[in-house]
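Before any comments, here is the structure.
Each chain gets a letter, A, B and so on, in the order its sequence line appears, and its residues count up from 1.
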Amino acid sequence: MNSYLDSLNDAQKQAVLQKDGPMIIIAGAGSGKTRVLTYRIAHLMKQGVDSFNILSLTFTNKAAKEMKKRIASVVGDGEAKNLWMGTFHSVFARILRSEADKLGFPSNFTIYDTQDSVRLISAIIKEMGLDKERYKPKQILGRISSFKNSLVTVRAYFNSADMQEADMHASRPKVGEIYKEYVARCFKAGAMDFDDLLLRTNELLARFPETLAKYQNRFRYIMVDEYQDTNHSQYIIVRALADKFGNICVVGDDSQSIYSFRGANIQNILNFQKDYPDVKTFKLEQNYRSTSNIVNAANSIIAKNKTKLDKEVWTENGAGEAINVMRTISDGEEGRFVAQSIWENQMNNQLSLDSFCVLYRTNSQSRAIEDALRKKGIDYKIYGGISFYQRKEIKDILSYLRILINPNDEEALKRIINYPARGIGATTIDKLTIAANHYKKSIFDVLKYIDKIDLKINAGTKNKLQNFMNMMLRLQIESQTKNAFEIAEVVVKEAKFIKDLEKDGTPEAVSKVENIQELLNGIKDFITDKIEQGEDASLTSFLEDVALATDFDSEKKDDEPTVSLMTIHQSKGLEYLYVYVVGLEENLFPSAMSMSTRSELEEERRLFYVALTRAEKAAFLTYAQTRYRWGKLVDAEPSRFLEEIDDQYLHYLTPKAPEPAINRFVDKSIFEDAPKGIRFQKPIQRKKMERDVAQKKEIVVSSNLKKVSLVSPKMNLFDGDIIAGNIVEHNRFGTGTVLGVEGKGPDKKAEIQFATAGKKKLLLQFAKLKVIG
DNA sequence: TCTGTCGCCCTTTTT
DNA sequence: GGGCGACAGA
């Protein structure tokens, strides 16, 4: 008898035993999804499926590693070795490396991270002489990203009158030109951005049938975890690969779809049954993770969503304690409460700090929590935020390494050509860029022939360029004989990184030196690790790892136990005995950016569902009445999500009713700790402050006392004024025409046809519309 | 060409 | 509160 099967419940066992054909596993939170996936793969192998023929796509590399380990414990190390497991991005980066020449890319292509992409787009916008207020680099990148994720290539864009018209209407007629130039520049630089890893894979599979056939034959069994968060581009890849054998197993939970902002399409999971009519459906509904209070409370929240699959999560676990709700005066107080509560619970129950987790909606919220934990002497680790590899000093060193691998990497070159300072300024770089564009060569190539072409660069500067070039060429030669660690050491030395920083002597510089040291150690670890595993230990492989790694992937096991701090997005798939969800306030959670349409609000609600279902034993929900945002103190109202939880599962640690309304109209900053330096504010800022105060007064005078808070962005000046036919402007969707208005009071909605964003129904209360015609 | 200061925008969320 | 680009002056 297969012992591992005995540990599964009926539903789980059926899913594991289903071998062939398309299947979907709808897995509720905490229902043992990972176990099922792991055992299913192990079981396939036990039945004689070659591990070489199994592809498993996970959401993080860490999840892949974890799963591989667990499979190995069932079937043995050697057997598990050939399994292809990883994120979409890392698996297809690997495939693209071996097929790159077909697409005209070098096999050691660079992977641009978001920062590289934004910088390149900024440069293009500047070169094209466009207004960067109208063409905001980040927004343009967002648009290009959405093109790529829906497989709209440059050619497709220019073939689509609709798309061009949309950008015209949004007063950004040059978006297509920027897109075209961006793609060309990436190509010339031998670089792919994150979205390219998927788009180019699609290109590869579509243009080269024999390549498609090769991978179809190879990946006879395909599994996709977190299917609810796949985008169109990923969806098409999976469909193509599974087309021959049809052995496709997707796992997901529509209630936990939280990545639509990066193109995830919840329809992929909702429509799976339509895509594969002979699909077998399995539902894992028993939750083993949480108390019944938590499960039921979470169910009561998600019930408010309209778009969902039919599923009932239940548990046999005991009720446990009620979910605690805590109101505090300020975000600082919130942090202190969390720290105190963690400390007490840890002491009273003799727990490891690993049992605690603090979740927030935005990274910037971590600050107040950190301060409080530090003061209490509680160890913590922050996941996400600015990752180690994004720090300036680290990116600079990595840029040197990137150029050694791929000299055409434009972004890396521009970063370091004058860092550390060697007298090569913006003017010179501009000249080089122009020459490079003119000759259709990379800047590195132009530098190689700097003697032979006349760039009107004076002799002194030319000399500096040549010195730089000589150093890079020397490093390049060395990199052929040295391993990644050795070459990184040489780079640090040659470029005088540490020397310069040590001369500086400031605390920041000291910490930078430490970071560089840590990077070198990291490279060393990487190499030893890879050599031990018999895997690729090259510099290319290291750089790829860095580009695609998330914080979790690099986590070390032997670390001291710590409290975990992270965004809710990052917490997907994890579980903790005690979970603190902080900042349950309107405009923060749900985010002010995501409450103008029903679907946005539903995604925020799913996010809350994810947060709550991380908890095994106890959950704390906290909100503050005032909070520093952008360095300013602002008032906050409790999140609507608190109202949505069935009251019977809640325990209020503070009285539920907020303080009497009258107090809400006194300027608190007069009495409480005023923002630092307020007395030294410049006249202009003071004026702005006075204006703010004046506006507050006006609001108080002109509105219903009970409903309106001081600085609530909920105030909508146009409520009631909007009628069909109005032209309106929305800060995210751009301009649009009002088609109709329905509902009244807080439910009043307008249906608007936006030029770029399509048709939307917006709640006027939140939409912050400006009537312009 | 370098350096320091000012002012703007920023904050959703991530591979 | 902070990071980054623009701008001015050396």
Side-chain angles (χ1 to χ4, degrees), chain A residues 57-62 86-93 111-115 117-119 122-123 126 132-133 136-139 142 145 148-149 192-198 226 229-231 233-234 257-264 359-368 383-387 390-392 418-430 457-458 460-461 464 544 546-553 566-572 583 587-595 600 603-604 606-608 610-611 627-633 675-677 682 684-685 732:
Chain A
L57 296 163
T58 55
F59 202 68
T60 62
N61 288 307
K62 187 192 175 203
T87 62
F88 272 91
H89 289 86
S90 61
V91 164
F92 294 114
I111 298 172
Y112 275 176
D113 66 15
T114 306
Q115 199 188 9
S117 299
V118 171
R119 278 173 178 244
S122 292
K126 210 169 166 184
K132 73 170 169 33
E133 288 306 308
K136 293 193 173 165
K138 258 193 190 160
Q139 278 182 17
S145 175
K148 289 183 175 177
N149 284 329
M192 296 199 198
D193 66 16
F194 289 135
D195 305 315
D196 283 333
L197 295 176
L198 307 174
E226 308 284 7
D229 283 323
T230 53
N231 61 35
S233 189
Q234 292 167 321
S257 166
I258 53 175
Y259 278 98
S260 71
F261 69 91
R262 71 173 203 216
L359 300 177
Y360 34 77
R361 179 67 179 82
T362 64
N363 280 303
S364 59
Q365 287 169 259
S366 70
R367 203 189 178 80
Y383 295 88
I386 296 173
S387 93
Q390 313 249 328
R391 285 165 208 234
K392 186 180 178 308
N418 195 36
Y419 188 83
R422 47 177 74 89
I424 303 169
T427 320
T428 311
I429 295 171
D430 282 352
I457 291 174
N458 67 41
T461 310
K464 288 172 188 163
E544 178 174 312
V546 164
L548 299 177
T550 58
D551 257 19
F552 286 110
D553 304 332
M566 68 190 83
T567 63
I568 300 166
H569 282 89
Q570 300 222 359
S571 75
K572 192 157 81 157
N587 295 321
L588 182 59
F589 190 23
S591 159
M593 323 280 294
S594 309
M595 36 196 231
E600 283 178 338
E603 178 148 320
E604 293 286 306
R606 290 193 294 269
L607 200 51
F608 184 42
V610 168
R627 174 177 299 277
Y628 278 101
R629 287 181 98 172
W630 315 282
K632 264 196 200 151
L633 194 68
K676 269 181 214 155
K682 298 244 164 72
I684 296 173
Q685 279 169 314
R732 223 154 20 101

Whole angstroms only, please: what is the CG-P distance between A:Asp430 and C:dG5? 14 Å

With respect to the phosphate group of B:dT11, does any side-chain polar atom (N or O) of A:Ser591 fall under 4.0 Å of OP1 or OP2? no

Taking only N and O in the side chain of A:Asn231, is any of them less than 4.0 Å away from OP1 or OP2 of B:dT15? no

From CG of A:Leu588 across to P of B:dT11 the rounded distance in Å is 15 Å

Taking only side-chain nitrogens and oxygens of A:Asn418, does any of them come within less than 4.0 Å of OP1 or OP2 of B:dT1? no

Let me know the distance between CD of A:Gln390 and C1' of B:dT14, rounded to the nearest Å. 10 Å

More 5' along DNA chain B: A:Thr567 or A:Lys138, using each one's nearest nucleotide? A:Lys138

Residue mapping more 5' on DNA chain B - nearest nucleotide basis, A:His569 or A:Thr461: A:Thr461

Nearest-angstrom distance, C1' atom, B:dT11 to C:dA6: 23 Å

A:Trp630 side chain, from C-beta outward: closest of C:dG1, B:dT14, B:dT1: C:dG1

For the pair made of CZ in A:Arg606 and C1' in B:dT13, what is the distance, rounded to whole Å? 13 Å

Scan A:Glu133 against the nucleic acid and name what it touches under 4.0 Å (heavy atoms): base, sugar-phosphate only, or nothing. sugar-phosphate

Within the 4.0 Å heavy-atom criterion, would you say A:Thr362 contacts the bases, only the backbone, or no part of the nucleic acid? sugar-phosphate

Side chain of A:Asp196, backbone of A:Asp193: donor and acceptor closer than 3.5 Å? yes

Rounded to the nearest angstrom, tell me the gap between atom CD1 in A:Ile568 and atom P in B:dT13. 11 Å

Considering non-hydrogen atoms only, spot the tightest contact between A:Glu544 and A:Ala93 and give its length. OE2-CB, 3.8 Å

Separation of B:dT15 P from A:Tyr383 OH (nearest whole Å): 14 Å

B:dT15 phosphate, OP1 or OP2, under 4.0 Å from A:Thr114 side-chain N/O: no

Please verify the inter-ring angle class for A:Tyr259 with A:Phe59; under 30° counts as parallel, over 60° as perpendicular, anything in between as tilted. tilted

Using a heavy-atom cut-off of 4.0 Å across all strands, would you classify A:Ser90 as base, sugar-phosphate, or nothing? nothing

Working to the nearest 0.5 Å, report the span between CD1 of A:Ile568 and CG of A:Leu607. 4.5 Å

Short side-chain N/O contact to B:dC9 OP1/OP2 from A:Lys136, under 4.0 Å: no

Does A:Ser364 place a side-chain N or O at less than 4.0 Å from the phosphate oxygens OP1/OP2 of C:dG1? no

So which nucleotide from C:dA6, B:dT14, B:dT11 ends up closest to the side chain of A:Lys126? C:dA6

Give A:Phe589 one of three labels, base, sugar-phosphate or nothing, depending on what nucleic acid heavy atoms sit under 4.0 Å from its own. nothing

Determine the contact category for A:Lys464: base if any of its heavy atoms lies under 4.0 Å from a base atom, sugar-phosphate if only primed atoms, P, OP1 or OP2 are that close, otherwise nothing. nothing

Can you name the closest pair of heavy atoms from A:Asn231 and A:Arg262 and give their distance? ND2-O, 3.9 Å

Mind checking if A:Ile424 touches a base, just sugar-phosphate, or nothing, with heavy atoms under 4.0 Å? sugar-phosphate

Does A:Gln365 reach the main-chain N or O of A:Thr362 with its side chain, forming a donor-acceptor pair under 3.5 Å? yes

By centroid distance (under 5.5 Å) and plane angle (under 30°), are A:Phe194 and B:dT14 in a stacked arrangement? no

Rounded to the nearest angstrom, tell me the gap between atom CD in A:Gln115 and atom P in B:dT15. 16 Å

Specify the separation, in whole Å, of atom CG of A:Asp195 and atom P of B:dT14. 15 Å

Compare side-chain N and O positions of A:Gln570 against OP1 and OP2 of B:dT13 and report whether any pair is under 4.0 Å apart. no

Phosphate OP1/OP2 of B:dT15 contacted by A:Asn61 side-chain N/O (<4.0 Å): no

Say whether, by atom type as modelled, one donor and one acceptor occur between the side chain of A:Ser90 and the main chain of A:Thr87 under 3.5 angstrom. yes

